[in-house]
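Notes to accompany the following structure.
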2 protein chains.
Amino acid sequence: MDNKIKLRNAGLRPTKQRIIIADILLNGFNRHFTAENLQNEISISGNKMSIATVYNCLKKFKNAGLIKQVESYTDTAIFDTNNISHHHFLNEETGELIDINNNEINLVKLPDIPKGFINSGVDVIIKLKKNN
Amino acid sequence: MDNKIKLRNAGLRPTKQRIIIADILLNGFNRHFTAENLQNEISISGNKMSIATVYNCLKKFKNAGLIKQVESYTDTAIFDTNNISHHHFLNEETGELIDINNNEINLVKLPDIPKGFINSGVDVIIKLKKNN
DNA sequence: TTTTTACTTTAAAATGGTTCTAAACTACTT
DNA sequence: AAGTAGTTTAGAACCATTTTAAAGTAAAAA
Ligand SMILES: [Mn+2]
Ligand SMILES: [Mn+2]
Ligand SMILES: [Zn+2]
Ligand SMILES: [Zn+2]
């Protein structure tokens with residue numbers, strides 16, 4: 001894998017652990033996941049990693065822009081491998097998230113940004129509940 | 001105060017504690033707050049309430065539709081007295097939220113809702129960062 | 001290559017927000 | 001007034017996340 005190079009390009013030292021995680025997360029298939037989800041996938045891949053390292057790596061990956069964290073009021077942090085700006089459906093009952101491409105939403109009117117600030121990203125969450 | 005009546009109309013038994021909270025929250029001025037913020041305001045008002053009761057009441061108020069909880073990836077739950085459907089600016093550095101009226105945002109295009117579900121609310125969060 | 005340095009991983013403990021427990025209390029009904 | 005169902009509370013428990021500090025490792029310097 002050239003995930004070693006991806007990590008270096010992101011300014012991260014390519015440790016054994018980060019490569020394991022990059023191999024799982026940066027394979028082109030997008031997903032939403034928790035730290036615990038990831039630790040399970042690491043186990044399934046035949047490796048073992050402390051939960052502290054999983055969290056450390058997720059923070060580094062996030063700050064490096066390799067993954068994102070999703071806004072949600074669940075008590076568990078949810079991460080997202082889809083780096084392209086996009087939005088979400090949120091199943092309020094299960095917490096499941098589904099991606100919405102930016103081109104499926106059109107925000108034609110935005111409020112004035114408060115003085116001294118700039119818009120650093122817009123998140124749209126469409127909450128879903130079961131029909132009937 | 002007719003907060004006693006407001007509570008009854010919301011289907012909540014108007015206990016001493018709920019009236020204290022209603023007097024603080026339901027005064028017409030909208031705000032975003034945490035459970036701890038509220039407990040402090042209760043102290044300032046000359047009263048005393050266990051944190052368990054603060055959480056119990058917030059959950060009841062929320063389920064009764066008197067307040068809302070805001071989507072946010074901070075580790076602390078943020079509640080909102082503004083019941084009218086609206087959106088938020090989020091200062092990413094401080095976590096501060098500012099209301100955006102619905103009429104300041106115009107979503108002209110929405111994606112198809114997944115089969116079997118209905119749209120139960122759209123939240124727009126405009127993240128802010130300091131300009132230069 | 002060896003040495004040095006800074007960074008990373010880890011198990012275990014700590015933290016902090018939130019929920020649970022179970023006993024005392026209180027609003028409402030009869 | 002008595003009964004009952006719901007509420008409050010202190011403190012314990014819970015659980016996701018962070019911290020600690022010691023051991024390990026990648027990169028830089030010599
Ligand atoms: Mn959250
Ligand atoms: Mn927490
Ligand atoms: Zn996504
Ligand atoms: Zn608001």
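Just so it is clear: chains get the letters A, B, ... in the order the sequence lines come, proteins before strands, and each one is counted from 1.
- Rounded to an integer number of Å, the gap from CZ of Arg18(A) to P of dT25(D) is 14 Å.
- Atom-to-atom, CD of Gln39(B) to P of dT18(C) comes out at 12 Å; the value is rounded to the nearest Å.
- For the pair Asn91(B) (side chain) and Thr94(B) (backbone), a donor-acceptor distance under 3.5 Å is present.
- For Ala35(B) against Val54(B), the heavy-atom pair with the smallest separation is O-CG1, 3.6 Å.
- For the atom pair Leu97(A) CG and Asn82(A) CG, the distance stands at 11.5 Å (nearest 0.5 Å).
- Atom NZ in Lys62(A) sits about 12 Å away from atom C1' in dT17(D), given to the nearest Å.
- Distance Leu58(B) CG to dT18(C) P: 10 Å, rounded to the nearest Å.
- The stretch residues 45-55 of chain A comes close to DNA chain D through Ala52(A), Tyr55(A), each having a heavy atom under 4.0 Å from the strand.
- A donor-acceptor pair under 3.5 Å is absent between the side-chain atoms of Lys109(A) and the main chain of Val108(B), judged by distance alone.
- Atom CZ in Phe79(B) sits roughly 13 Å away from atom P in dG17(C) (whole-Å rounding).
- To the nearest angstrom, C1' of dT18(C) lies 11 Å from CD of Gln69(B).
- Axis angle, first five pairs versus last five pairs of the helix from dT1(C)-dA30(D) to dT30(C)-dA1(D): 30°, rounded to 10°.
- No donor-acceptor pair under 3.5 Å is formed between the side chain of Asp80(B) and the backbone N or O of His32(B).
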Distances under 3.5 Å only, N/O to N/O: pair up the protein atoms with those of nucleotides 22-27 of chain C.
from    : atom 1 : to       : atom 2 : distance (Å)
dA27(C) : N3     : Arg13(B) : NH1    : 3.3

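- Summarising the geometry, atom CZ belonging to Arg18(A) is positioned 14.5 Å from atom CG belonging to Asp23(A); distances are rounded to the nearest 0.5 Å.
- Look at CG on Leu7(B): it is 10 Å from P on dC28(C), rounded to the nearest Å.
- Looking only at distances, no side-chain donor or acceptor of Asn131(B) sits under 3.5 Å from a matching main-chain atom of Lys115(A).
- Leu25(A) approaches Thr81(A) most closely through the heavy-atom pair O-CG2, 3.7 Å.
- Take Glu41(B) and apply the salt bridge (charged side-chain N to carboxylate O under 4.0 Å, His left out) test, not counting sequence neighbours, and it matches Arg31(B).
- Remark: Lys60(B) is in phosphate contact with dT7(D), judged by side-chain N or O atoms under 4.0 Å from OP1 or OP2.
- Dashed line: the shortest gap from a side-chain N or O of Lys59(A) to OP1 or OP2 of dT17(D) is not under 4.0 Å.
- Sorted by first and then second residue, the pairs that involve residues 89-103 of chain A and meet salt bridge (Lys or Arg N to Asp or Glu O under 4.0 Å), not counting sequence neighbours, are Glu93(A)-Lys130(A).
- Going from atom CD1 of Ile21(A) over to atom C1' of dT10(C) covers 13 Å, rounded to whole Å.
- Where Cys57(A) and Ala77(B) each meet DNA chain C at their nearest nucleotide, the meeting point lying more 5' is that of Cys57(A).
- Applying the salt bridge (charged side-chain N to carboxylate O under 4.0 Å, His left out) test to Lys6(A) and every residue at least two apart in sequence or in another chain returns nothing.
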